[in-house]
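Some notes on the structure that comes next.
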Amino acid sequence: MCNSVKKLISSQQAQFVQKGILSIGDKLPDFSKKAVITTENGMEITDINQSHASQQGKWTVLFWWPKDFTFVCPTEIIEFDNSNAAFAERNAVVIGASTDSEFVHLGWRQNHPDLANLTIPMLADTSKSLAEDMGILDCNEKVAYRATFIIDPKGIIQWVSVYPMSVGRNVDEVLRVLDALQTDELTGCGWTPGQKTVTAKLKEGNAK
């Protein structure tokens, strides 16, 4: 078999290999995608790239859902939106995303009263390239897993969680993890803001 044919076969086989999910320490891939946002003039379509938050020195909370016009997904989107002010207080920008087009996002928002006034952008990964680059594209359905990424202001992923398609997330846990990350200290099991960190306790012990 000639080398050119071997290369072609190898290339085709590589396309079927599931990419691993990006993890802690990995960089958010470069991208430029359309997104539906709410402005003073109503719902509009704009462009968002990987520097949307980092260029402002902010953290990014990027959460994915599998499909628009479904049942579990809007409950999560609404809860993330309800908590948007809390994320903003923590210097974080929330972005929601799926592999639906910007026009499907727009149509869903226009037809779902609880999504009409969202304050968070709905990113459209229509080509599925970003979901694939992040390793969260389901092999069979070719939609994104229910994944959440916390990304620091330098564009580095600091936390990842992936849920089954049928299980909704806990937004309070995302806030808790963001709080813990921003202490830049050791935090114990179930730590919440206001509690002493493990680092603080160790310092107290060493001071005695």
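Residue numbers start at 1 and run along the sequence shown. Remember, predicted model here, so these are calculated numbers, not experimental data.
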### Message
Contact between Thr126 and Phe103 at the side-chain level, heavy atoms closer than 4.5 Å - yes or no?
### Response
no
### Message
Just checking Asp47: does its CG atom have more than 12 heavy atoms from other residues, nucleotides or ligands closer to it than 6.0 angstrom?
### Response
yes
### Query
Got a sec, which pairs hit salt bridge (charged side-chain N to carboxylate O under 4.0 Å, His left out) with one end in residues 154-177, sequence neighbours left out?
Glu76-Arg169, Glu173-Arg176
### Message
For a side chain to side chain contact (heavy atoms under 4.5 Å, CB included) check, start with the C-alpha distance between His52 and Thr60, then their side-chain angles and the critical distance, and finish with the verdict.
### Response
CA-CA 8 Å; His52 179 69; Thr60 302; over 6 Å; no
### Query
Considering all heavy atoms of both residues, which atom of Val36 and which atom of Met43 are nearest to each other, and what is their separation?
CG1-CB, 4.4 Å
### Query
Does Thr197 reach the main-chain N or O of Ala200 with its side chain, forming a donor-acceptor pair under 3.5 Å?
yes
### Query
Taking side chain as C-beta onward, heavy atoms only, is Asn82 less than 4.5 Å from Glu79?
yes
### Task
Kindly say whether Pro193 contributes a backbone atom to a donor-acceptor pair with the side chain of Asp179 at under 3.5 angstrom?
no
### Query
Less than 4.5 Å apart, any side-chain heavy atom of Trp159 and any of Leu178?
no
### Closest approach of Trp108 to Pro74 (non-hydrogen atoms, all atoms of both residues)
CZ2-CD, 3.8 Å
### Task
Quick one: pull up CG in Leu106 and CG in Asp100 and give me the separation to the nearest 0.5 Å.
12.5 Å
### Taking every non-hydrogen atom, the tightest pair across Asp68 and Ser98
OD1-OG, 3.5 Å
#### Entry: Which atom of Ile77 lies closest to which atom of Leu118, heavy atoms considered
CG2-CD1, 3.7 Å
### Message
Taking Gln195's backbone N and O only, do any of them form a donor-acceptor pair with Trp191's side chain (distance below 3.5 Å, no angle check)?
### Response
yes
#### Entry: side chain to side chain contact (heavy atoms under 4.5 Å, CB included) assessment of Phe31 paired with Leu123
CA-CA 11 Å; Phe31 67 88; Leu123 193 75; 4.1 Å; yes
### Query
Linking I/L/V/M/F/W/Y whenever their side-chain heavy atoms sit closer than 4.5 Å, directly or via other members, would Val160 and Ile95 fall into one cluster?
yes
#### Entry: Donor-acceptor pair, side chain of Asp125 and main chain of Leu130, under 3.5 angstrom
yes
### Sidechain-backbone polar pair: Ser54 side chain, Gly57 backbone, donor-acceptor under 3.5 Å
no
### Message
Keeping Thr70 on the side-chain end and Val72 on the backbone end, is there a donor-acceptor pair under 3.5 Å?
### Response
no
### Task
List the atom of Asn117, the atom of Thr38, and the distance in Å for their closest heavy-atom pair.
C-OG1, 4.3 Å
### Query
Between Lys34 and Ser101, is any side-chain donor less than 3.5 angstrom from a side-chain acceptor?
no
### Query
Linking I/L/V/M/F/W/Y whenever any side-chain heavy atoms sit under 4.5 Å apart, do Leu175 and Phe63 land together?
yes
### Intermediate values then yes/no, side-chain hydrogen bond (donor to acceptor under 3.5 Å, both in side chains), Lys33 and Ser127
CA-CA 9 Å; Lys33 301 287 182 180; Ser127 68; 3.0 Å; yes
### Task
To the nearest 0.5 Å, tell me how far Ser51 OG sits from Gln56 CD.
10.5 Å
### Message
Please tell me whether Thr119 and Asp81 have a donor and an acceptor in their side chains that are separated by less than 3.5 angstrom.
### Response
yes
#### Entry: Side-chain (Gln182) to main-chain (Arg90) donor-acceptor, under 3.5 angstrom
yes
### Query
What do you reckon, is NZ of Lys58 surrounded by more than 12 foreign heavy atoms closer than 6.0 Å?
yes
### Query
How far does CD of Glu132 sit from NZ of Lys142, to the nearest 0.5 angstrom?
7.0 Å
### Query
Ala180 and Thr187: which non-hydrogen atoms are nearest, and at how many Å?
CB-OG1, 3.7 Å
### Task
Take Tyr145 and Met134, measure what side chain to side chain contact (heavy atoms under 4.5 Å, CB included) needs, and give me the verdict at the end.
CA-CA 10 Å; Tyr145 291 128; Met134 300 190 79; over 6 Å; no
### Task
Determine whether Leu181 and Ile151 fall in the same hydrophobic cluster, where Ile, Leu, Val, Met, Phe, Trp and Tyr are linked whenever their side-chain heavy atoms lie under 4.5 Å apart.
no
### Query
CD of Glu141 to CE of Met165: how many Å apart, nearest 0.5 Å?
5.5 Å
### Query
Should Phe149 and Trp64 count as side-chain neighbours, where that means a heavy-atom distance under 4.5 Å?
yes
### Query
Would you say Ile150 and Leu62 are hydrophobically clustered, going by side-chain heavy atoms of ILVMFWY under 4.5 Å?
no
### Query
Same cluster for Val177 and Ile157 if Ile/Leu/Val/Met/Phe/Trp/Tyr side chains link at under 4.5 Å?
no
### Task
Kindly say whether Trp65 contributes a backbone atom to a donor-acceptor pair with the side chain of Arg146 at under 3.5 angstrom?
no
### Message
I'd like to know whether Thr99 forms a side chain to side chain contact (heavy atoms under 4.5 Å, CB included) with Leu137, so could you lay out the CA-CA distance, the side-chain angles of the two residues, the decisive distance to 0.1 Å, and finally the verdict.
### Response
CA-CA 9 Å; Thr99 56; Leu137 190 66; 4.2 Å; yes
### Query
For Phe69, does the CZ atom sit with more than 12 other heavy atoms under 6.0 Å from it, leaving out its own atoms?
yes
### Query
Going from CG on Leu28 to CD1 on Ile156, what distance comes out if it is rounded to the nearest 0.5 angstrom?
9.0 Å
### Query
Taking Thr199 for the side chain and Leu186 for the main chain, is one N or O donor matched with an acceptor at less than 3.5 Å?
yes
### Task
Report, as yes or no, whether the 6.0 Å neighbourhood of atom CG on Asn170 holds more than 12 heavy atoms from other residues, nucleotides or ligands.
yes
